[in-house]
Amino acid sequence: MAGGGATGGTVQSETYREARTLLLLPAWVTLGLLTLAPLMIMLVYSFLTKEFRGGVIWEFSLDAYDQFFFDRGLFGDEPPKIEWTYIGIFWRSIWQAGAATILSLLIGFPTAYFIATRPEGQRAFWVFLVTIPYWVNLLIRTVSMKFLLRDEGPLNDGLIGLGIISEPLGIVNTNLAVQLGLFYSYLPFMVLPIYAAVERYNFALSEAASDLYAPRWAVLRRIVIPSVKPGIIAGCILVFVPSLGSFLAPDLLGGARTFMIGSLIEEQFKGNAGNWPFGAAASMILLTMVLFLLMVFARQSRKEAA
Amino acid sequence: MAKPYDLRRYPGFFAITLLCLVILYAPLVVVAVYSFNDSPSITIWEGFSLRWYVDVFTGPESGKFKEAAWNSFVIAITAATTATIIATLAATAVLRAGTFRLRTVSIGMISLPLMVPEIVTAVATLIFFNAIAIERGLMTILLAHIAFCIPFAYMPISARMQGIEATYEQAAMDLYATKRQAFTRILLPLMMPGIVSGFILAFIISLDDFIITNFVKGAGVETLPTAIFGAVKQGIKPNIMAISTLLLAVSIVMVALSWLIGRRDPAEGR
């Protein structure tokens with residue numbers, strides 16, 4: 001998912017050398033027209049003037065980026081100050097996605113490690129068990145999470161029934177609910193790359209460390225974790241990146257105080273109240289952040305592979 | 001001194017794995033159970049009943065949901081089929097046509113939809129259709145779905161192709177098969193499990209999509225996820241839980257199928 005590594009592969013033969021242009025043409029046309037070209041046009045739109053009923057006027061303008069970063073007062077004639085509203089929303093999104101990533105790592109690493117140390121025949125089954133929920137509709141999973149966490153929901157009912165709490169926890173509409181939702185949405189993405197890394201890990205290293213009197217947890221911390229670090233980083237990226245721009249978890253599980261980038265962008269294109277150039281600019285800023293992150297990651301893994 | 005076998009184990013990891021599975025499945029199980037609740041309230045359990053499943057198919061909202069489900073199904077089938085064909089051809093070029101200048105770029109291009117955040121793809125696609133003045137509707141949803149389904153179809157297809165040695169086609173061509181025959185009679189049949197997995201994954205991804213569909217769908221056109229989202233905005237109702245459980249079952253059956261088919265060894269033949 002991150003970079004070409006997952007989808008690449010080595011050349012196996014030259015059998016269809018003459019046909020390669022023809023074979024690649026459909027992919028190039030489809031993706032060029034429906035993915036690459038739209039991104040370019042979005043970049044253009046972010047530099048256009050907004051039309052009040054939604055859409056754009058074809059006139060160059062820096063208003064969208066200006067509105068994102070600077071506050072020029074109600075009538076636009078005051079000296080510019082930094083506008084914290086949107087930077088704040090981006091910052092909160094980073095924070096929420098980060099918290100969800102850490103939560104996923106805390107649960108995902110032991111799970112991945114456990115699965116990778118099962119006898120070989122059983123591993124595929126465990127992996128399957130962890131991946132099934134990912135293939136269930138994300139919307140349905142998020143709604144289910146909300147159903148479970150609600151004040152009148154089974155979780156609170158159960159805890160009250162057991163006498164652990166006397167009042168509902170009030171999780172829905174808080175940051176925690178959004179973090180739990182994001183964590184729940186992308187947890188399998190954390191488990192899979194770590195699992196792959198631990199499976200390749202040579203346990204003779206653990207034995208060697210142990211023979212030299214390293215305690216069990218020191219072996220984990222000083223030998224295993226550094227060895228599988230690429231898998232851990234890949235997992236973190238795979239959870240963090242989609243969390244950052246997610247829409248459903250903050251929209252359904254959160255409230256006004258948990259507003260994230262996804263909702264900010266979505267609002268700009270809803271009905272007539274929106275601002276298309278601003279939405280395009282916010283999308284460009286998000287895209288730049290994500291691509292930068294992926295680039296750093298790709299460089300890091302190349303360095304480690306070398 | 002611990003035995004090497006014990007060394008791999010860490011106390012608590014098994015418990016966390018169980019916790020992980022409980023977290024993953026608890027919300028789904030709870031919704032599935034409550035979808036059989038014989039009560040218009042989603043809170044109080046009043047005994048087992050199928051009334052909400054009957055409601056889904058015959059109730060006042062059934063027309064809306066049936067149309068949305070049909071749209072979803074047609075789009076998913078068409079998008080997954082197209083994406084699978086495109087991905088199969090692309091994988092052949094990337095893996096079995098030697099090295100060439102645009103090879104790496106092509107791989108990057110195929111994985112592009114995976115790297116761009118979904119909401120950004122949604123915005124870009126909406127703007128694109130607006131800029132070239134295509135009216136939004138089923139067609140725009142379908143086009144958008146084909147694009148983002150390609151990498152998902154590509155992954156299992158490419159993985160499968162890497163497991164099939166080029167010697168099979170070589171042998172066929174040594175026996176005077178043309179390249180076209182080697183492709184259609186040797187490579188494609190051997191590829192079938194990968195192609196089926198790729199199709200199923202693309203199908204599920206298309207069926208699953210909410211964000212991009214929500215942006216590029218026209219007014220009045222709904223797929224199942226956008227219809228469910230609209231309904232959930234008014235509050236979670238029992239009929240939504242019944243629909244969710246049905247979709248859940250479809251996803252699980254499809255993934256189980258894909259897993260069983262994809263697991264078969266290339267060396268076993270067709």
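Atoms considered below: every heavy atom in the structure, side chains included; atoms not considered: hydrogens, waters and symmetry mates. Note on naming: letters A, B, ... go to the chains in the order of the sequence lines (proteins, then strands), and numbering restarts at 1 for each one.
Note: B:F13 and A:F109 have perpendicular aromatic rings, judged against thresholds of 30 and 60 degrees for the angle between ring planes. The aromatic rings of B:Y34 and A:F147 sit perpendicular, their planes meeting at an angle over 60°, well past the 30° parallel limit. Using bins of under 30°, 30° to 60° and over 60° for the plane-to-plane angle, the ring pair A:W217/B:Y10 lands in the tilted bin.
Across all non-hydrogen atoms, the minimal contact from A:A27 to B:A90 is CB-CB, 4.1 Å. Pairing each heavy atom of B:D208 with each of A:L138, the nearest pair is OD2-N, 3.0 Å. Heavy atoms only, all atoms of each residue included: B:T17 and A:P110 are closest at OG1-O, 3.9 Å. Between A:R20 and B:T99, the closest heavy-atom pair is NH1-O, 4.1 Å. Shown here for B:I86 and A:T30, the closest heavy-atom pair between the two residues is CD1-OG1, 3.4 Å. Closest non-hydrogen pair, A:T10 versus B:L95, comes out as O-CD2, 3.4 Å.
Crowding of A:F128 atom CZ: a count of heavy atoms from other residues, nucleotides or ligands under 6.0 Å exceeding 12. Summarising the local packing, CD of B:E165 is surrounded by 12 or fewer heavy atoms from other residues, nucleotides or ligands at distances under 6.0 Å.
The main-chain N or O of B:R9 is found under 3.5 Å from a side-chain atom of A:R216 such that the two form a donor-acceptor pair. Between the side chain of B:K179 and the main chain of A:T15, a donor-acceptor pair closer than 3.5 Å is present. With B:Y25 contributing its side chain and A:L129 its backbone, the two residues share a donor-acceptor pair below 3.5 Å. Checking side-chain atoms of A:Q12 against main-chain N and O of B:M161 turns up a donor-acceptor pair under 3.5 Å.
Heavy-atom distances place both the backbone and the side chain of B:A256 under 4.5 Å from chain A. Both the backbone and the side chain of B:L28 come within less than 4.5 Å of a heavy atom of chain A. Interface residue A:V219: backbone and side-chain heavy atoms are both found under 4.5 Å from chain B.
Contact count versus chain B (heavy atoms, under 4.5 Å) is highest, among A:T111, A:V191, A:L252, for A:T111. For the set B:V30, B:V123, B:I204, the entry with the most heavy-atom pairs within less than 4.5 Å of chain A is B:V123. Contact tally against chain B (heavy-atom pairs below 4.5 Å) for A:R150, A:K146, A:E18, A:M284: the top residue is A:R150. Note: B:M241 leads B:M241, B:M254, B:R180, B:E118 in heavy-atom pairs under 4.5 Å with chain A. The residue among B:L248, B:I211, B:L19, B:T88 with the most heavy atom pairs within less than 4.5 Å of chain A is B:I211. Taking chain A as the reference chain and counting heavy-atom pairs below 4.5 Å, the highest number among B:L201, B:L102, B:T125, B:T121 is found for B:L201. Your options are B:T82, B:T92, B:I85, and the one with the most heavy-atom pairs under 4.5 Å with chain A is B:T92. Per-residue counts of heavy-atom pairs under 4.5 Å with chain B were compared for A:F247, A:F114, A:W58; the largest is that of A:F114.
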Item to check | Test side-chain contact (heavy atoms from CB on, under 4.5 Å) applied to B:F210 and A:T142, step by step | outcome: CA-CA 12 Å; B:F210 167 74; A:T142 313; over 6 Å; no
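Residues A:V143 and B:V31 form no side-chain contact, since every pair of their non-hydrogen atoms from C-beta on lies 4.5 Å or further apart. Between A:L187 and B:C20, the closest side-chain pair of non-hydrogen atoms falls below 4.5 Å. Looking only at side-chain heavy atoms (C-beta outward), A:L286 and B:I119 come within less than 4.5 Å of each other. By the 4.5 Å heavy-atom criterion applied to side chains, A:L287 and B:V116 are counted as neighbours. You'll find the side chain of A:T35 stays beyond 4.5 Å of the side chain of B:F128, heavy atoms only. Using a 4.5 Å heavy-atom threshold, the side chains of B:L126 and A:W276 count as touching.
Here the CG atom belonging to A:L33 is positioned 7.0 Å from the CD1 atom belonging to B:I132, to the nearest 0.5 angstrom. Note that CZ of A:R118 is 7.5 Å distant from CZ of B:F14, once rounded to the nearest 0.5 Å. Annotation: the span from A:L24 atom CG to B:M109 atom CE amounts to 10.5 Å, rounded to 0.5 Å. Between A:F183 atom CZ and B:L24 atom CG the span is 7.0 Å, to the nearest 0.5 Å. Rounding to the nearest 0.5 angstrom, the gap separating the CG atom in A:L23 from the OG atom in B:S106 is 11.0 Å.
Under the side chain to side chain contact (heavy atoms under 4.5 Å, CB included) test applied with A:I140, the options B:P225, B:S244, B:S251 reduce to a single match, B:S244.
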